[in-house]
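What follows is a single structure, written as structure tokens, with notes after it.
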Amino acid sequence: MKKILFLGAMAAMLLGTASCSSDMEPSMGGEVPVSFAIDLGDGIDSRTISDGLKANQLKFAVFENGAEIPGLAQTVAVADKKATINTKLVKGHTYKFVFWAQNSACTAYNTTNMSAITVNYTANCNDESRDAFYKMDSFTVTEAFEKTEVLTRPFAQINFLADDAAGVVGWR
């Protein structure tokens, strides 16, 4: 009988210790507010003939372990090449983020699957409403934070200049 009581007391102590240990790790679990300040950039790496002001919508997706978390996806307005994303994420988890900005009326991009955005190249490629910006990022959330993400254009622009057009009829 004494052995049973002793084992019962030991089990109670172990259970009490186990419940206290989770209280001692505040860095894991729990949601924290996070904010992304989005900037469509104006650096040399994002130059094109368009000024980028046609991009008026930002799509945001969060992935964990390769799967999108649909409840965290957002679409927000872009004004003057700036936008803000506010959400909550779980501390101790590693996430991948996708940011995509474009003109809301543009149908050249299919963003239904944010892990594989596709482009329709059959339309006029120098249409400024097709201007787009993106960024991908990944990190482990350790605390509440605010982070600036500078997006760049996903496509290159090549300008061809020629000095032999003077011989072309009608060239002035």
Side-chain angles (χ1 to χ4, degrees), residues 31-142 144-166 168-172:
E31 290 185 335
V32 293
V34 299
S35 180
F36 294 98
I38 307 302
D39 184 344
L40 300 189
D42 203 19
I44 192 75
D45 61 341
S46 70
R47 301 281 183 190
T48 187
I49 55 174
S50 175
D51 59 10
L53 293 173
K54 299 265 191 237
N56 62 4
Q57 181 182 72
L58 174 77
K59 295 186 178 194
F60 169 73
V62 181
F63 295 82
E64 185 175 27
N65 299 321
E68 184 175 352
I69 305 171
L72 296 179
Q74 294 184 38
T75 300
V76 299
V78 174
D80 295 322
K81 298 172 64 173
K82 307 254 187 249
T84 303
I85 295 287
N86 293 305
T87 191
K88 289 186 177 184
L89 299 172
V90 178
K91 289 194 299 185
H93 288 228
T94 300
Y95 298 99
K96 291 184 180 182
F97 307 94
V98 176
F99 306 90
W100 180 271
Q102 70 176 57
N103 184 283
S104 58
C106 179
T107 59
Y109 309 109
N110 182 347
T111 57
T112 304
N113 178 356
M114 289 290 283
S115 68
I117 296 169
T118 59
V119 182
N120 176 356
Y121 288 102
T122 60
N124 183 0
C125 291
N126 65 350
D127 178 358
E128 287 188 28
S129 70
R130 291 178 63 141
D131 206 359
F133 298 81
Y134 85 105
K135 174 129 188 215
M136 294 180 292
D137 203 348
S138 176
F139 52 86
T140 301
V141 174
T142 58
F145 65 87
E146 293 180 14
K147 184 172 188 199
T148 298
E149 296 283 4
V150 179
L151 281 56
T152 56
R153 289 178 169 90
F155 310 109
Q157 174 186 321
I158 301 174
N159 293 331
F160 290 98
L161 302 173
D163 61 1
D164 62 350
V168 177
V169 176
W171 179 261
R172 294 192 171 117

Test side-chain contact (heavy atoms from CB on, under 4.5 Å) on Ser138 and Thr94; report intermediate values, then the result.
CA-CA 7 Å; Ser138 176; Thr94 300; 4.2 Å; yes
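- In this structure the side chain of Ser35 reaches within 4.5 angstrom of the side chain of Thr84, judged on heavy atoms.
- Shown are Trp100, Phe133, Tyr121; of these, the ring-ring contact (aromatic ring centres under 6.0 Å, His included) with Tyr109 is made only by Trp100.
- Using a distance-only test at 3.5 Å, with no hydrogens or angles considered, a donor-acceptor pair links the side chain of Lys81 to the main chain of Gly41.
- When every heavy atom of Ala83 is checked against every heavy atom of Ala77, the shortest pair comes out as CB-O, 3.5 Å.
- Enclosure of atom CG in Asn113 by more than 12 non-hydrogen atoms of other residues, nucleotides or ligands within 6.0 angstrom is indicated.
- In this structure, Asn86 and Pro33 have side chains that are not in contact, with every pair of non-hydrogen atoms separated by 4.5 Å or more.
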Please determine whether side-chain contact (heavy atoms from CB on, under 4.5 Å) holds for the pair Lys135 and Val150, giving the CA-CA distance in whole Å, both sets of side-chain angles, and the decisive distance to 0.1 Å.
CA-CA 7 Å; Lys135 174 129 188 215; Val150 179; 5.7 Å; no
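- Ring geometry for Tyr95 versus Phe97: interplanar angle of 30 to 60°, hence tilted.
- In this structure, the side chain of Asn103 engages the main chain of Ala105 through a donor-acceptor pair within 3.5 Å.
- Side-chain contact between Lys59 and Ile117: absent, with no pair of heavy atoms (C-beta onward) separated by less than 4.5 Å.
- In terms of heavy-atom proximity, Asp39 sits nearest to Lys82 at OD2-NZ, 3.1 Å.
- Phe99 and Phe60 have tilted rings, their planes meeting at an angle from 30° to 60° on a 0 to 90° scale.
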Taking it one step at a time, do Thr87 and Val62 satisfy side-chain contact (heavy atoms from CB on, under 4.5 Å)?
CA-CA 10 Å; Thr87 191; Val62 181; 5.6 Å; no
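- Within 6.0 Å of atom CE in Met114, more than 12 heavy atoms from other residues, nucleotides or ligands are found, so the atom counts as buried in its surroundings.
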Before giving the answer on side-chain contact (heavy atoms from CB on, under 4.5 Å), spell out for Asp137 and Lys147 the whole-Å C-alpha distance, their side-chain angles and the decisive distance to 0.1 Å.
CA-CA 11 Å; Asp137 203 348; Lys147 184 172 188 199; 2.5 Å; yes
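- At a threshold of 4.5 Å between non-hydrogen side-chain atoms, the residues Ile85 and Val76 count as touching.
- Considering all non-hydrogen atoms of both residues, Ala101 and Leu40 come closest at CB-CD2, 3.7 Å.
- With rounding to the nearest 0.5 Å, the separation of CD in Glu31 from CG in Leu89 is 8.0 Å.
- Note that the NZ atom of Lys96 and the CG atom of Asn65 stand 9.5 Å from one another [nearest 0.5 Å].
- Here the two rings, on Phe139 and Phe145, have centers that are under 6.0 Å apart.
- For Thr142 against Lys91, the heavy-atom pair with the smallest separation is O-CD, 3.6 Å.
- Counting only heavy atoms from C-beta outward, the side chains of Ile38 and Leu151 approach each other to under 4.5 Å.
- Atom CD of Glu146 sits in a sparse spot, with 12 or fewer heavy atoms from other residues, nucleotides or ligands closer than 6.0 Å.
- Residues Pro154 and Ala132 approach most closely at CD-O, 3.2 Å, considering heavy atoms.
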